[in-house]
Each structure stands twice: as structure tokens, then as C-alpha cells.
Amino acid sequence: MIDFSLDSKQLEIVEKYKDFADRYMRPNARKYDQLAQFPWEIVKAAYNENMMNGPMSAEYGGSGHNIFNSALASEELGAGCVGIGICMDANTLALTPLYIGASDEQKKRLFGEIIEEKGVAAYALTEPNAGSDVAGIQSTAIRNGDKYILNGHKRFITNGSVSTFITVFALTNPEKGARSLTAFVVPTKSPGVEIVADMEKMGQRASIQTEFKFHDVEVPVENRIGNDGQGFLLAMKTFERTRTGVAALSVGNAREAYETSRNWAKKRIQFGKPITVNQGVSFILADMATEIEASRLITWKAAWAYDNKLRTANLLSAMSKLLATDVAMKVTTDAVQVMGGEGYSNDYLVEKMMRDAKLCQIYEGTNQIQRLVIGKGILK
Ligand SMILES: Cc1cc2nc3c(=O)[nH]c(=O)nc-3n(C[C@H](O)[C@H](O)[C@H](O)COP(=O)(O)OP(=O)(O)OC[C@H]3O[C@@H](n4cnc5c(N)ncnc54)[C@H](O)[C@@H]3O)c2cc1C
């Protein structure tokens, strides 16, 4: 039996995150966009209200949400401000390889550090020569007794320079290439970790991205996640779990842009009538509403498939990321169009939502890469 209604616990989650977005995110979205500053006060507030590390169990500082309930939370964060929301969700991204692959001792120690500090972690896969092609990673971590010596170059790392630690992917045996890819937890203050620069960018400006260089950084063997050579699988399993989060953030962003432009258009009088009496405007709004509904449904289905350990989970998570982020790009652009000059101005947030939407088509695998995943899934 299919039932699309949310139960009382799920409605509570939606209300809780909506209320958080109303109190902390909407009032500060423009400020952090303009300052391009990490929103520490909001992240600390999220910790105080037990809203960080949502999909982790309570013993690791999380709320114990399954992926479906995390998607409900992320939709509200995306509606509040994608830039601030991703500061929280990128922390989840960085902790997911630990959640999936670390030993109990590592989880207690490393989650303990993050929670104690009310800090954030960063996930470092991308390199100058390895973006879409993860197998092209060149950073190395060569074993020397009870340590690994890490050298390499990472860029576009969300939460990077403000993080407590970085989950870094590097080769333990360059001759074996990606078959030796391994994940390590590296404290950001470790000797040899160079913060080259934070990125200047178009949207999601509350979130920061850092370029790092690693120079002979000593990483104790206790900070290796899983075994040597398990990094590629861990990275892919991580995305399978987190891509519905990007989809849900995008559904929220699109919903907020749609509602803002619809409410504005109902009041805007031109030619003596509200502009919504023109089908040229109401049809745009009709398409926006329909596409948002479709992207929410595929996001829910993908999250449900993950929670139920279905074999289609990976395929659906790629489909949800592809559809919801493309829809958010289209809907936010249409919201600006519906609102004319006002939409383009800084008096409203729809122009920011449009800039924010673009990035979701790029990170956690571009939408071309999602199509590759989907193509493989449907043609095998
Ligand atoms: C703001 C921001 C935040 C990010 N955060 C993180 C983070 O926290 N951690 C992290 O590790 N990375 C992060 N990234 C990196 C992000 O995941 C990569 O930018 C993305 O995977 C694309 O890699 P690239 O930029 O090197 O583009 P490229 O791989 O060079 O791709 C360029 C273009 O070619 C297309 N393309 C490439 N290969 C193919 C193919 N085989 N078929 C069809 N099209 C193809 C791509 O879709 C894209 O359109 C972030 C990036 C940005 C911009």
C-alpha cells in the first residue's frame, strides 16, 4: 500500500526545521550571502537544538534520522538558505565515511571531538586533476611504521578552513592507482596542512571552500578509516547516502523561490489587473509547482529506497539529484522572470536562490556524472 502522508514524528521534524529556518536562516540569509562568511552563530544554534549530524545515531551526536527524515529536514534547510544549509549538510558528508566505515573506537573519539567543539568536518576528495574523475586522484599517503605520510593538493573543499578535521582520500600505493585509495581523518591544524586560499564564488556564499596542500603530514594509523584500498567504495557509498540531501536542499530552494514569486505576482497589478490573470504568467507558476512536486516525490522515493536497502537506491539517488537540482535551476530562474525587475534586484532573495541553485548541479558529482551513473544502472 502506498501512503504519501507523513506520520506525526515526521511532521514534528518538518515543523522543527521550518521553525529553525524561520528564526535563524531566513533573517540572516542576505547577510551571510553578502559577507561570504561561515555562519558560526547558526551552526552553534543548530548544535544547541540538536540539529547537527542529523542522520547519525544519538550516541554520535545525531538525531538518529533515517535518510527519508533527513530529506524532510534538508528541504526545510534549503528553503531557509541553501548556503547556510550546506554548511550543516557538508559536515554530514564529511562524517558519513566514518559513520559507514570507522571502528567503534574511532567513531567515539572522532565524533566526540566534533561534538565537544561544536565544530564541523570537511570532505576532501577533489583535486586539480581529479574532479569528475575520482580515479585520477594523485594525493598520496605512504605508510611509515605506525603513521602515514600525506602529500597532495585538494581544492573546493566545503567547510575546509573552518573545520576541526578533514576526511581526506589519498593513494597508499600510487602504482595501484585508485585500487589503493584510502580515507583518513586529518586534524586541520596538523603540521604540514597548508590552507592555500578560500574560494571566491557566485552562490551559496555562506559556505566556504578551501584549497589545501599537504606537505609530509603525519597521520597516525588509528585515523585510517576502513582498510587500505577501501577509499573508492567508501566515497561512492557516501554519495549514495548523501545525494538525496542535495536533492532535498534543492526542492526547498525551488519551493521558496516559487512561493515568493507566486505571492508577489498575485499582488502585482499591470494593465489594471493582477499579472496572474495572464496565462503567460500563471502557466509558468503551474509548471513550477508541478516540477517541484515531481522532484520532491523522486527524492522521497530515493530516500525510502536507501532506508529499505533496495538495489535501486544508488540509481534513484542519482536520479533525484539530477531532477531536483535541474528543476531548482529552472524554477529559481523562472521566479526571477515572474518578478521582473524586482526579481533581479537585491530587495528579494530570488536572485540569490537562482545563484545558489547553480551549484547544486555541480557538487557531489555534476549532473553529467549523475547521467553516467543512471546510464550504467539502466543499461547493465
Ligand atoms: C562550491 C563547491 C563546493 C564543493 N565542495 C566539495 C567538497 O566539499 N569536497 C570535494 O571533494 N569536492 C567538492 N567540490 C568539487 C565538486 O565535486 C567538483 O567540482 C565536481 O565534481 C566537478 O569536478 P570539476 O570541477 O573538476 O569539473 P570537471 O570534472 O573538470 O568537469 C568539467 C565539465 O565536464 C563534464 N564532464 C567531465 N567528465 C565527463 C564525462 N565523463 N561525461 C560527461 N561530462 C563530463 C562535467 O560534468 C563538467 O560539466 C565542490 C565544488 C564546488 C564548486
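This one's a predicted model, so the numbers in the text were calculated from it and none came from an experiment. Each ligand, and each atom within it, is numbered from 1 in the order the structure gives.
Atoms of ligand 1 lying under 4.0 Å from any heavy atom of Thr366, numbered from 1 in the order shown and given with element: 22 (C), 46 (C), 47 (O). Taking every non-hydrogen atom of Thr126 and a distance limit under 4.0 Å, the qualifying atoms of ligand 1 come out as 10 (C), 11 (O), 12 (N), 13 (C), 14 (N), 15 (C), 16 (C), 17 (O). For ligand 1, the atoms sitting less than 4.0 Å from at least one non-hydrogen atom of Leu359 are 1 (C), 2 (C), 52 (C), 53 (C), numbered in the order shown with element in parentheses. Those atoms of ligand 1 that come under 4.0 Å of a heavy atom in Leu372, given as number and element, are 41 (N). Under a 4.0 Å criterion applied to the non-hydrogen atoms of Thr158, ligand 1 contributes the atoms 3 (C), 4 (C), 5 (N), 6 (C), 7 (C), 8 (O).
Considering all non-hydrogen atoms of both residues, Ile137 and Ala130 come closest at N-CB, 3.5 Å.
Residues satisfying the salt bridge (Lys or Arg N to Asp or Glu O under 4.0 Å) criterion with Arg355, sequence neighbours excluded, are Asp33, Glu351. Residues forming a side-chain contact (heavy atoms from CB on, under 4.5 Å) with Ser163 (at least two apart in sequence, or on another chain): Ala122, Ile166, Thr188.
Salt bridge Lys44/Glu41: absent, no basic N to carboxylate O contact under 4.0 Å. The existence of a salt bridge linking Glu256 and Arg26 is confirmed by a sub-4.0 Å separation between a basic side-chain nitrogen and an acidic carboxylate oxygen. Salt-bridge formation is detected for the pair Lys147/Glu218: a Lys NZ or Arg NE/NH1/NH2 atom is positioned less than 4.0 Å from an Asp or Glu carboxylate oxygen.
Of the candidates Ala122, Pro128, Ser132, Gly136, it is Ser132 that places a heavy atom closest to atom 29 (O) of ligand 1.
Counting heavy atoms under 4.0 Å from ligand 1, residue Glu364 touches it through the backbone alone.
Of the protein's non-hydrogen atoms, the one nearest atom 51 (C) of ligand 1 is Phe156 CB, 3.5 Å. Protein heavy atom at the shortest distance from atom 20 (C) of ligand 1 is Ile362 O, 3.6 Å.
The presence of a protein heavy atom under 4.0 Å from atom 34 (O) of ligand 1 is ruled out.
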